[in-house]
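What follows is a set of notes on a single structure, which appears directly below.
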Amino acid sequence: VFTRVVIAQQFFLHVEYRIMNGAVPPNREKEWVGSPILGGGIMFGDSWMMLGYATNLKFQQINPFGYLVYRMGFSF
């Protein structure tokens with residue numbers, strides 16, 4: 001689930017809630033972990049790019065990029 005608010009012609013704020021399943025330390029048992037993600041991005045015509053920060057420590061431990069979340073997209 002996500003939402004965006006355009007703050008200038010090409011810049012936007014992005015808020016999202018993401019759920020991921022992974023092996024959570026220290027016992028490495030798989031579990032579902034959710035995290036709010038706060039970020040911002042830029043639009044280039046029909047494409048966009050967003051960088052975000054995952055706020056849940058357990059989510060950061062199973063996310064391949066730690067606290068960093070990125071998205072790129074194209075409209076066609």
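The figures that follow rest on heavy atoms only: side chains count, while hydrogens, waters and symmetry mates do not.
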Which heavy atom of M20 sits nearest to which heavy atom of N63, and what is that distance? CE-CA, 3.5 Å

For the student: nearest non-hydrogen atoms of S35 and N56, plus distance: OG-N, 3.1 Å

Can you confirm whether M43 sits close enough to F12 that some side-chain heavy atom of one is under 4.5 Å from a side-chain heavy atom of the other? yes

Partner residues of P64 under the side-chain contact (heavy atoms from CB on, under 4.5 Å) criterion, sequence neighbours left out: none

Residues 25-48 vs ring pair (Phe, Tyr, Trp, His ring centres under 6.0 Å), sequence neighbours excluded, gives none

Take F2 and H14 through the test side chain to side chain contact (heavy atoms under 4.5 Å, CB included) and record every step on the way to the result. CA-CA 7 Å; F2 74 91; H14 182 96; 3.6 Å; yes

Do V6 and M50 share a hydrophobic cluster (ILVMFWY, side-chain heavy atoms under 4.5 Å, transitive)? yes

For atom OH of Y53, decide whether the heavy atoms of other residues, nucleotides or ligands shown that lie under 6.0 angstrom number more than 12. yes

Mind checking whether F65 and M72 sit in one hydrophobic cluster, side chains of I, L, V, M, F, W, Y counted as touching below 4.5 Å? yes

Could you tell me whether the side chain of F59 reaches within less than 4.5 Å of the side chain of R18, counting heavy atoms only? yes

Taking F74's backbone N and O only, do any of them form a donor-acceptor pair with S47's side chain (distance below 3.5 Å, no angle check)? no

To the nearest 0.5 Å, tell me how far I62 CD1 sits from K30 NZ. 9.0 Å

Is a side-chain donor or acceptor of T3 paired with a backbone partner of V15 at a separation under 3.5 angstrom? no

L68 and L51: side chain to side chain contact (heavy atoms under 4.5 Å, CB included), yes or no, with the steps? CA-CA 7 Å; L68 180 64; L51 289 174; 4.0 Å; yes

How close do A54 and Q60 get, counting heavy atoms only, and between which atoms? O-NE2, 2.7 Å

L13: which residues meet the side-chain contact (heavy atoms from CB on, under 4.5 Å) condition with it, sequence neighbours left out? I7

For E31, which residues count as a side-chain contact (heavy atoms from CB on, under 4.5 Å) partner, sequence neighbours excluded? V24, V33, K58

Looking at residues at least two apart in the chain, or sitting in another chain, which of them share a salt bridge (Lys or Arg N to Asp or Glu O under 4.0 Å) with R71? E16

For residues 32-41, pull every pair meeting salt bridge (Lys or Arg N to Asp or Glu O under 4.0 Å), keeping only residues two or more places apart or in separate chains. none

